[in-house]
Amino acid sequence: MVKPDNLAPLIEDHPFFKGVDTKLRDLLVGCAANERFEAGQFLFHEGQKAEKFYLIRAGTVAIEIDQPGRPPIVVETIAEGEVAGWAWIVEPYRATFDARAVTLVRALSFDAKCLRRKMEADPTLGYDVLRRFVPIMAHRLSAARLQMLDLYAPPKPAKEKTVKAEKADKKSKGANRAPDARLKKAKKKDGK
Amino acid sequence: MNAPLRDALHAPVRDPLHAPVRDPMVPVPFRIEKVRRDLSDTFTMELVPEAGGEFAFQPGQFNMLYVFGVGEVPISISGDPADRSVLVHTTRAVGQVTEALDALKPGDSLGVRGPFGTSWPVESAFGHDLVFVAGGVGLAPLRPAIYQAMANRQRFGRVIVLYGARTPEDILYKKELERWRGRFDLDVLVTVDRATGKWGGNVGVVTNLIARGGFDPLNTTSFVCGPEVMMRYAAQALEKKGVDTGRIWVSVERNMKCGCGLCGHCQWGPHFTCKDGPVFRYDRVADLFQIREL
Ligand SMILES: Cc1cc2nc3c(=O)[nH]c(=O)nc-3n(C[C@H](O)[C@H](O)[C@H](O)COP(=O)(O)OP(=O)(O)OC[C@H]3O[C@@H](n4cnc5c(N)ncnc54)[C@H](O)[C@@H]3O)c2cc1C
Ligand code: FES
């Protein structure tokens, strides 16, 4: 782990802390470290104490769930300019997923205990950090919901369609079909 | 009179689809030259007019494709607007007519009516960053606009293609996306909802790619095409990023019959999708997107 004397410019440069007040930034520096992960290395594991969170400066991190005997399921990927890990902020402070470096990853890490202590002691810092985290959590939740919708799945086969949809479809497309196709359909229905 | 119809009436007589006396309700026979399977349920056909001649269209427009004896469906044109010698359509087989289309082979004939509808206003994005946001087979109607943007590359700021697919196996035009990604003047980002196999790329919805930015929101035009829910969320993500809703364009699909503004079948609120769309300016239809059952 590299810990340069002054991480302030790195904190300021990261989109997560865009426009951060210099006083707050100096408080953050004391809890920060500069880290590097080779591809394949884990930033954290599911179930572990969430002792850090990471601001990704370069590279890609896969957030995934391990499943015995099968390849892990990648839930999402996090890229440069984004944040990995929010469990440090929510009790019981345990990571809910694995985080694996897909490529070489450079990140600023923040010590959770150190930061929580400072946030409690200085509500302005506490509010500022939460104000930045909440929209990210909201965005991730909405993205996860969208992902679950399976939007690009093939449309339901006609036989699975509701009666209402079937009726609407017939109304809209029936007139469009060539007469012989409609005739065939009707004959099929009559069992002919 | 709508633009395609006006163009049709003033086009040279040699062009069979644009002959002045052509009735927009009468299909013109085309022969299938080539068929390429893109995905397990999606294929691209190259068509030429049986009577010879060329086919002109604007990116984003569609044709009514008629499988003789089966029926007719609206399908966007997915080829290069600069190449008038061949008409290209990419279709996903989902039901009776599209499956019948899928069963056709090179040498077979089908009927074509069109081109119909509004187009992606590529020229309105000159001087801007241009962000294409596509989901699933929605990349097909955007591809002509991407070709046009590449042909005029120096007239834009950054040109970015953001594409979301279901799985790595469902990525449309994979080789072409790879080629585009190899260009220094085009950014291509692909994401999948579910990673499979050795996929080492992005996982997550396409709106995540919008949130990552890489464009100047105050100077950006965006064309969005995909399932309606995806377009709604993509437009919201662009708006949240600071892109003016008057500079976001979406392509809306509704069941169609005549395809040329005669029957009212494709009505969506006050609009006829076939004539006023399928490409709409988002701020003009944002409210309609929120109305259920419309
Ligand atoms: C302007 C326009 C451009 C289009 N461009 C393309 C294109 O480039 N490529 C392409 O593959 N498709 C495109 N479509 C959609 C295509 O027209 C439909 O998939 C087709 O009409 C389905 O007809 P079918 O007889 O094969 O299936 P049907 O038997 O009518 O339907 C089968 C199933 O597909 C569903 N379905 C029907 N239409 C759509 C739709 N528009 N979107 C999602 N699900 C649908 C039905 O609800 C049903 O569950 C476009 C539609 C419009 C209006
Ligand atoms: S399909 Fe007839 S008016 Fe649009």
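Protein chains get the first letters and strands the later ones, always in sequence-line order, with residue 1 at the start of each.
- In this structure, F53(A) has its ring center under 6.0 Å from that of W88(A).
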Begin with the C-alpha distance, continue with both residues' side-chain angles, and end with the deciding distance and a verdict on salt bridge (charged side-chain N to carboxylate O under 4.0 Å, His left out) for R25(A) and E12(A). CA-CA 8 Å; R25(A) 180 205 61 194; E12(A) 274 173 347; 2.5 Å; yes
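- Using a cutoff of 4.0 Å between basic side-chain nitrogens and carboxylate oxygens, R254(B) and E228(B) are scored as salt-bridged.
- Side chains of Y163(B) and L189(B) form no contact here, defined as non-hydrogen atoms less than 4.5 Å apart.
- Between V224(B) and R232(B), every side-chain heavy-atom pair lies at or beyond the 4.5 Å cut-off.
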Apply the test salt bridge (charged side-chain N to carboxylate O under 4.0 Å, His left out) to residues K52(A) and D111(A): give CA-CA distance (whole Å), side-chain angles for both, the deciding distance (0.1 Å), then the verdict. CA-CA 5 Å; K52(A) 292 178 185 175; D111(A) 180 286; over 6 Å; no
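- Contact check for F42(A) versus D98(A): side-chain heavy atoms found under the 4.5 Å cut-off.
- By number of non-hydrogen pairs under 4.5 angstrom with chain A, the leading residue of V206(B), N208(B), V137(B) is N208(B).
- The most heavy-atom pairs under 4.5 Å with chain A, out of V192(B), D193(B), D41(B), D170(B), come from D193(B).
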Between F289(B) and W268(B), does the ring pair (Phe, Tyr, Trp, His ring centres under 6.0 Å) criterion hold? Intermediate values first, please. CA-CA 10 Å; F289(B) 268 120; W268(B) 186 45; 5.5 Å; yes
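- At a threshold of 4.5 Å between non-hydrogen side-chain atoms, the residues M137(A) and V90(A) count as touching.
- At a 4.5 Å heavy-atom cutoff, the contact between A165(B) and chain A is made by backbone atoms alone.
- The choice from G200(B), G135(B), G204(B) that makes the most heavy-atom pairs within less than 4.5 Å of chain A is G135(B).
- Proximity to chain B involves both the backbone and the side chain of A153(A), based on heavy atoms less than 4.5 angstrom apart.
- Of all residues in residues 58-76 of chain A, those placing a non-hydrogen atom less than 4.5 angstrom from a non-hydrogen atom of chain B are V74(A), V75(A), E76(A).
- Looking at E82(A), the atoms closer than 4.5 Å to chain B (heavy atoms on both sides) all sit in the side chain, from C-beta outward.
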